[in-house]
Amino acid sequence: GNSVTQMEGPVTLSEEAFLTINCTYTATGYPSLFWYVQYPGEGLQLLLKATKADDKGSNKGFEATYRKETTSFHLEKGSVQVSDSAVYFCALSDNAGNMLTFGGGTRLMVKP
Amino acid sequence: DTAVSQTPKYLVTQMGNDKSIKCEQNLGHDTMYWYKQDSKKFLKIMFSYNNKELIINETVPNRFSPKSPDKAHLNLHINSLELGDSAVYFCASSPLASGSTDTQYFGPGTRLTVL
């Protein structure tokens, strides 16, 4: 079956530091890959996505590249802000039923 | 306007009770979902409905019964609540029919606490 593994948190960074959250996946076929963000007390919001190999998703300074050869979709940001503090979920969606399979989530804490 | 809304936002109830959570989307989407997020933040699909028809049921106990009166609504009814049902339940919707992949839009969640 499909699975997503992401680094455990919490990840604690100072403002303006570089962020990487690792995500690897196992899936049959060619899934679409997503990063969702959950701010405290809120629901999930789509951050970015990529639908085929070598695609790069980007939004709000965050980027992730779909790497089929390493089955990875690592999330990066060059300079984090306090407002980026949230839980980040890597997910994949197969073509069978559009069912999202989530990773365990990584909590990011950015200190001023 | 809220795209995907859920009511109530918080629900506290006793073991053994029956409760419902409502979800509505005003995006005109064809497919709706229910997810459960446990205390460790793990998110897992429960159900998927496409045009009022059940598509996915991920080994959820029979005590959970989704109901879709129309394409814009997917309600979750839970019978005989147990302590382990305590979680945050998220509703979501996506524009395309089952068999395609597309972005899912999530509601704000309903925090269910079973005492």
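Values below: all heavy atoms of this structure, side chains included; hydrogens, waters and symmetry mates excluded. Every chain is numbered from 1 and lettered A, B, ... according to where its sequence line falls, protein lines coming before strand lines.
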Note to self: I need the contact set between residues 104-112 of chain A and chain B: heavy-atom distance under 4.5 Å, sorted by residue number.
What the structure shows: A/Gly104, A/Arg107
Item checked: Salt-bridge criterion met for A/Lys60 and A/Asp84 (N-O under 4.0 Å) -> no
Next item on the list: Please look at B/Gln6 and chain A and tell me whether the side chain, the backbone, both or neither of the residue comes under 4.5 angstrom of a heavy atom of that chain.
Entry: neither
Next item on the list: Could you look at B/Lys44 and say if it's the side chain, the backbone, both or neither that has a heavy atom under 4.5 Å from chain A?
Entry: neither
Check: So B/Tyr105 and B/His29, would you call those rings parallel, tilted or perpendicular, with 30° and 60° as cut-offs?
Finding: tilted
Next item on the list: Could you give me the CA-CA distance, side-chain angles and deciding distance for A/Lys56 and A/Glu63, then say whether salt bridge (Lys or Arg N to Asp or Glu O under 4.0 Å) is met?
Entry: CA-CA 7 Å; A/Lys56 177 186 281 188; A/Glu63 292 183 342; 3.6 Å; yes
Item checked: Which atoms of A/Gln38 approach chain B - backbone, side chain, both or neither, heavy atom under 4.5 Å -> side chain
Item checked: Proximal component of A/Leu44, with respect to chain B [non-hydrogen, under 4.5 Å] -> both
Check: Out of curiosity, does B/Leu54 fall in the hydrophobic cluster containing B/Leu76 (side-chain heavy atoms, cut-off under 4.5 Å, transitive links)?
Finding: yes
Next item on the list: Please say whether more than 12 non-hydrogen atoms of neighbouring residues, nucleotides or ligands are located less than 6.0 Å from CG in B/Asn62.
Entry: no
Check: Would the number of heavy atoms belonging to other residues, nucleotides or ligands and lying under 6.0 Å from CD of A/Glu8 be above 12?
Finding: no
Next item on the list: Apply the ring pair (Phe, Tyr, Trp, His ring centres under 6.0 Å) test between A/Tyr88 and each candidate in A/Phe62, A/Tyr36, A/Phe34, A/Trp35; give the one that qualifies.
Entry: A/Phe62
Note to self: I'd like to know whether the aromatic ring centres of B/Phe106 and B/Tyr33 sit less than 6.0 Å apart in this structure.
What the structure shows: no
